[in-house]
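Before any comments, here is the structure.
What you are looking at is a predicted structure, and each value in this text was computed from that prediction instead of being measured. Proteins get letters first, then strands, A, B, ... in listed order; numbering begins at 1 in each.
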Amino acid sequence: MELAKSFEPADIERRWYPEWEAAGYFDAGLDADKSAAFCILLPPPNVTGTLHMGHGFNQAIMDALTRYHRMRGDNTLWQPGTDHAGIATQIVVERQLDAQGISRHDLGRERFLEKVWEWKEFSGSTITRQMRRLGTSPDWRRERFTMDAGLSKTVTETFVRLYREGLIYRGKRLVNWDPVLRTAVSDLEVVQEEEQGHLWHIRYPLVDGSATLTVATTRPETMLGDTALMVHPEDERYRHLLGKMVRLPLCGREIPIIADAYVDLEFGTGCVKVTPAHDFNDYAIGQRHKLPMIPILTLDARINDNAPTAYRGMDRFDARRRIVADLESEGLLDKVEAHVLKVPRGDRTGVVIEPMLTDQWFVAMSKPGADGTSIAGKALACVAAGEIRFFPENWVNTYNQWLTNIQDWCISRQLWWGHQIPAWYGDDGRIFVAHDEEQARADAAEQGYHGLLQRDPDVLDTWYSSALWPFSTLDWTPDYPACSNPALDLYLPSTVLVTGFDIIFFWVARMVMMTRHLTGRIPFRHVYVHGLIRDAEGQKMSKSKGNVLDPIDLIDGIDLEALVAKRTSGLMNPGQAEQIEKRTRKEFPSGIPAFGTDALRFTFLSLASPGRDIKFDLSRCEGYRNFCNKLWNASRFVLMHTAGQDLGLALGVGGDDGSAALSCADRWIVSQLQRTEAEVAQHYADYRFDLLARAIYEFVWDEFCDWYVELAKVQLQSDSEIRIRATRRTLARVLETVLRLAHPLLPFITEELWQAVAPIAGRKTHPSVMLAAYPVAQAEKVDTDSEARVAQLKALVYAGRNLRGEMNLSPARRVPLLASGDSRLLGEFAPYLKALCKLAEVQIVDELPANANAPVAIVGDTKLMLQIEIDLAVECDRLNREITRLAGEIDKAKAKLANASFVARAPTAVVDQERKRLGDFVATLDKLEAQRARLRCG
RNA sequence: GGGUGCUUAGCUCAGUAGGUAGAGCGCUAGCCUUACAAGCUGGAUGUCGGCGGUUCGAGCCCGUCAGCACCCA
């Protein structure tokens with residue numbers, strides 16, 4: 001088979017993926033006889049668009065793990081699927097309709113949902129197509145969607161169970177309300193952002209007219225709903241006013257002055273207004289002091305009829321301006337200060353969130369369930385007990401801290417896209433939670449209600465169904481564990497969850513809580529938490545910043561114009577287009593070249609250092625594309641010298657042409673390979689993909705290509721057929737092993753090369769490398785003798801090359817070398833030295849000629865002399881520099897050894913090592929000085 | 001206010017038994033050496049954020065300060 005001169009990924013990728021998939025190689029392993037099972041759940045991508053770099057990163061890791069375990073022979077499942085992403089998806093579709101001038105209300109719920117399903121089909125298939133481009137190997141036949149019938153059934157079942165257990169309840173509470181979406185959102189969906197605002201100082205007159213109290217507020221419009229003023233109980237300034245009434249400006253209502261230690265004496269005037277219906281802290285205070293709650297906003301954040309007529313129907317921000325103006329004209333505005341405050345905004349819409357008193361459904365987090373422990377308590381316990389481990393470990397703190405201070409989870413959303421809440425209401429307000437309407441009706445009849453039933457129109461928070469993902473995707477049924485299935489038995493819990501730290505709360509903690517509570521099992525054993533992919537400047541990638549990269553564009557390449565067009569289209573704020581274009585043209589003046597999937601994956605894995613975000617660096621990607629090319633060309637070399645040749649594969653070990661024929665170099669590279677294999681296994685166990693990638697990179701490039709292949713070239717010139725065969729065999733087998741070793745990181749190139757190399761190496765055990773056995777280190781092949789000898793050889797080669805460099809010899813110029821030292825060893829090394837140092841010949845002598853004006857290098861007991869006429873001054877200068885350097889090292893070593901404390905307290909091995917270093921330095925120095933004397937340097 | 005992480009070569013980052021500071025990219029000199037110019041060979045570049053402590057010995061452990069980033073309230 002003839003390989004192209006350089007690595008061309010596109011064609012290879014196009015060919016192999018469909019073949020793997022069609023052959024069923026990704027299918028779940030369900031072999032009950034195997035002891036090991038490995039499972040990863042794909043964090044289901046949202047069906048809101050396309051994959052981004054974060055997905056690529058996340059999936060490169062998961063696919064490496066999956067392929068690794070599959071090759072190790074474990075029962076293996078990578079469970080794929082997508083998430084309906086309630087709010088996000090509904091927004092996308094609504095925006096599309098908006099562009100046609102249609103609102104969802106024009107369509108009605110049913111037709112709107114049809115539109116969303118159409119979008120879901122389109123987006124879902126885009127995502128899975130992109131995943132295929134990344135070479136991922138999940139079991140596509142098991143693909144699930146959070147709103148599939150089976151998963152929806154699980155949602156309903158668990159909701160009913162938790163309701164009956166008293167852990168899901170409905171109630172009127174103050175919740176985070178997004179007035180644009182007109183839905184409640186959970187605490188996690190609100191981001192607090194620091195913004196420049198104002199602090200308005202407003203005068204509230206006492207009813208008795210004796211004085212006015214000044215209150216500082218960041219939200220003057222909420223005063224319409226004030227039901228008290230509040231001061232600190234120990235605040236001397238106000239103590240005499242406690243219990244008195246003030247008149248609420250603009251409204252005329254009389255409200256009391258109360259005391260509560262919550263008040264910060266230092267902030268503002270030390271006197272604050274209390275609006276229990278529109279502020280979370282005030283809500284708590286209102287309950288403590290039994291204050292009335294007066295909501296003053298409608299669900300779209302306009303002033304409602306509880307307010308004076310003048311403000312009714314006004315938008316909250318218009319009302320703010322108007323109220324401030326009115327206060328000013330009444331002389332009640334004391335002053336306005338600039339003030340930095342935290343503004344709550346919806347993470348999807350960016351709109352200011354309004355605390356709003358509404359009826360919602362909640363999951364009780366810290367209330368004990370039927371078994372006496374709470375859902376959050378269970379989640380804390382299984383991590384504390386070590387059943388679930390985090391990598392890196394310190395994320396446990398974040399997890400614990402959140403669960404310890406957790407609030408009840410608001411799970412109802414006033415949306416259409418999602419799982420509709422299985423609750424039906426009677427005309428009398430009674431609630432019947434049931435699996436379906438029929439059952440609700442039966443329940444109602446049993447309780448004596450025979451009237452109309454109306455289903456709750458709301459849907460569940462997307463994360464509710466996501467929380468069930470570990471078992472819902474494995475076809476859990478309500479009869480579990482009495483009734484199960486092989487996949488559920490094998491893969492719950494899964495082995496490791498691979499995810500970014502940004503969804504530890506949203507998803508990880510909730511999966512632990514729900515899975516543990518509902519199935520009694522933990523959802524997964526390990527949680528590998530990785531960082532976020534950022535742009536080259538460390539900025540978060542986002543459409544609005546115009547700095548997103550599409551992983552597919554790094555694979556296929558993209559020209560500048562297309563990239564600019566992509567980044568500037570569909571912006572929420574088209575005004576940003578110009579700047580985005582400018583930046584893009586500056587950062588990618590010639591677009592992005594095609595790196596191929598393997599290079600991209602290798603880049604992701606190399607950058608996956610724990611506890612660190614990733615500034616994505618295109619030059620790294622380029623470097624790993626070059627690495628792929630290196631591997632490709634090394635394989636070409638090996639194939640050139642082995643294809644159609646006799647490798648002596650049939651000959652037994654120990655025979656004439658068996659392992660006895662292996663040279664020192666052959667044994668050395670095999671030995672290094674074992675060490676690399678062992679190292680790789682350890683890095684997989686520790687989830688250190690950065691070190692893993694580097695171990696493979698260094699073995700392939702630094703040891704195999706730079707050294708072994710060069711040494712093999714010499715051996716292939718040997719006149720011993722036995723030696724040549726052994727070399728061919730070593731080349732082929734080491735390469736074949738490397739291809740298997742690297743396959744989980746570089747699936748495509750390794751497959752393509754393995755198909756050519758494995759048969760030659762006599763190792764075509766399977767139709768695909770992804771099914772072949774993963775290499776396992778064999779301790780008996782570690783050969784410290786040959787390692788030491790090759791280390792010596794390397795040192796001589798380095799010394800020879802260095803001499804050439806120092807003497808400014810052109811690489812084309814071949815010169816003779818004289819060597820003195822261990823003549824047996826030098827005899828063995830001579831052919832290698834000759835080739836690797838580009839020498840005309842290597843002559844082994846007892847003593848170097850005394851009076852030659854030639855450069856000499858000292859390596860241990862060996863002296864190397866290049867036979868060239870040189871400028872005496874240059875060589876003396878070089879010797880002097882080397883002598884000075886050594887003298888410095890000797891001084892340091894001597895000082896260390898003269899330190900009695902060091903000799904007495906440091907471990908013997910360290911002291912011995914230091915003595916040896918000193919001895920070596922002194923010996924080398926002596927020889928250098930002798931050489932300098934011979935040359936009669938000045 | 002509470003918490004976490006980071007600060008090592010020009011850039012991006014490794015350095016997890018405390019024992020002679022590393023890689024890639026970039027820079028530089030020279031090479032189309034029959035696997036690879038996406039390459040080969042040689043070279044330069046570091047008060048390991050500051051200060052203090054523990055230790056025979058600190059990039060690594062402890063304390064403290066500074067700067068940056070993020071999370072929670």
Using a 4.0 Å heavy-atom cut-off, write out nucleotides 68-73 of chain B from 5' to 3' as B (base contacted by protein), S (sugar-phosphate only) or - (no contact). ---SSB
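- Between the C1' atoms of B:C32 and B:C40, the separation comes to 10 Å (whole Å).
- Taking atom P in both B:G10 and B:G50, one finds a spacing of 14 Å when rounded to whole Å.
- Nucleotide B:C13 holds its P atom 15 Å from the CZ atom of A:R694, rounded to whole Å.
- Among the atoms of the strands shown, only primed sugar atoms or phosphate atoms (P, OP1, OP2) are found under 4.0 Å from some heavy atom of A:Y798.
- Using atom C1' as the reference point in both B:U7 and B:G59, the two lie 12 Å apart (nearest Å).
- The separation of B:U47 from B:G3, taken at their C1' atoms, amounts to 33 Å, rounded to a whole angstrom.
- Under the 4.0 Å criterion applied to side-chain N and carboxylate O atoms, A:E710 and A:K713 are assigned as salt-bridge partners.
- With B:G42, B:G19, B:G24 as the candidates, the nucleotide lying closest to the side chain of A:N802 is B:G42.
- Counting any heavy atom pair closer than 4.0 Å across all strands shown, A:R620 reaches a base atom.
- In this structure, the CZ atom of A:F902 is 12 Å from the P atom of B:G19, given to the nearest Å.
- At a threshold of 4.0 Å, the pair A:R288-A:D260 counts as salt-bridged, since one of the basic side-chain nitrogens sits closer than that to a carboxylate oxygen.
- At whole-Å resolution of the value, CZ in A:R801 and P in B:G42 are 5 Å apart.
- Panel note: side chain A:W632, backbone A:A4; a donor-acceptor pair is recorded below 3.5 Å.
- Checked for salt-bridge contact, A:R219 and A:E354 meet the test: a charged N lies under 4.0 Å from a carboxylate O.
- Across A:N626, A:L753, A:I696, A:D598, a single residue satisfies side-chain contact (heavy atoms from CB on, under 4.5 Å) together with A:L631, and that is A:L753.
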Protein-to-nucleotide contact annotation, 5' to 3' order, nucleotides 27-37 of chain B [B base; S sugar-phosphate only; - none; under 4.0 Å, heavy atom]: ---SS-B-BBS
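- Taking atom CZ of residue A:R905 and atom P of nucleotide B:C56, one finds them 4 Å apart after rounding to whole Å.
- At the heavy-atom level, A:Q407 lies nowhere under 4.0 Å from the strands shown.
- At least one donor-acceptor pair under 3.5 Å links the side chain of A:R804 to the backbone N or O of A:K838.
- Comparing the same atom, P, in B:A21 and in B:G49 gives a spacing of 15 Å after rounding to whole Å.
- Across B:C51 and B:A58, the matching C1' atoms stand 15 Å from one another, rounded to whole Å.
- The pair A:R814-A:E841 does not meet the salt-bridge criterion, since no charged nitrogen lies less than 4.0 angstrom from a carboxylate oxygen.
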Under 3.5 Å between N/O atoms: give me all the protein pairs with nucleotides 6-8 of chain B, atom names plus distance.
none

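- Following rounding to the nearest Å, A:D702 (CG) and B:A14 (P) show an atom-to-atom distance of 19 Å.
- Using C1' as the reference atom, B:G26 and B:C13 are 14 Å apart when rounded to the nearest Å.
- Here the P atom of nucleotide B:G3 and the CG atom of A:N397 are 11 Å apart, to the nearest Å.
- Using a 4.0 Å cut-off between charged nitrogen and carboxylate oxygen, A:R915 and A:D912 count as a salt-bridge pair.
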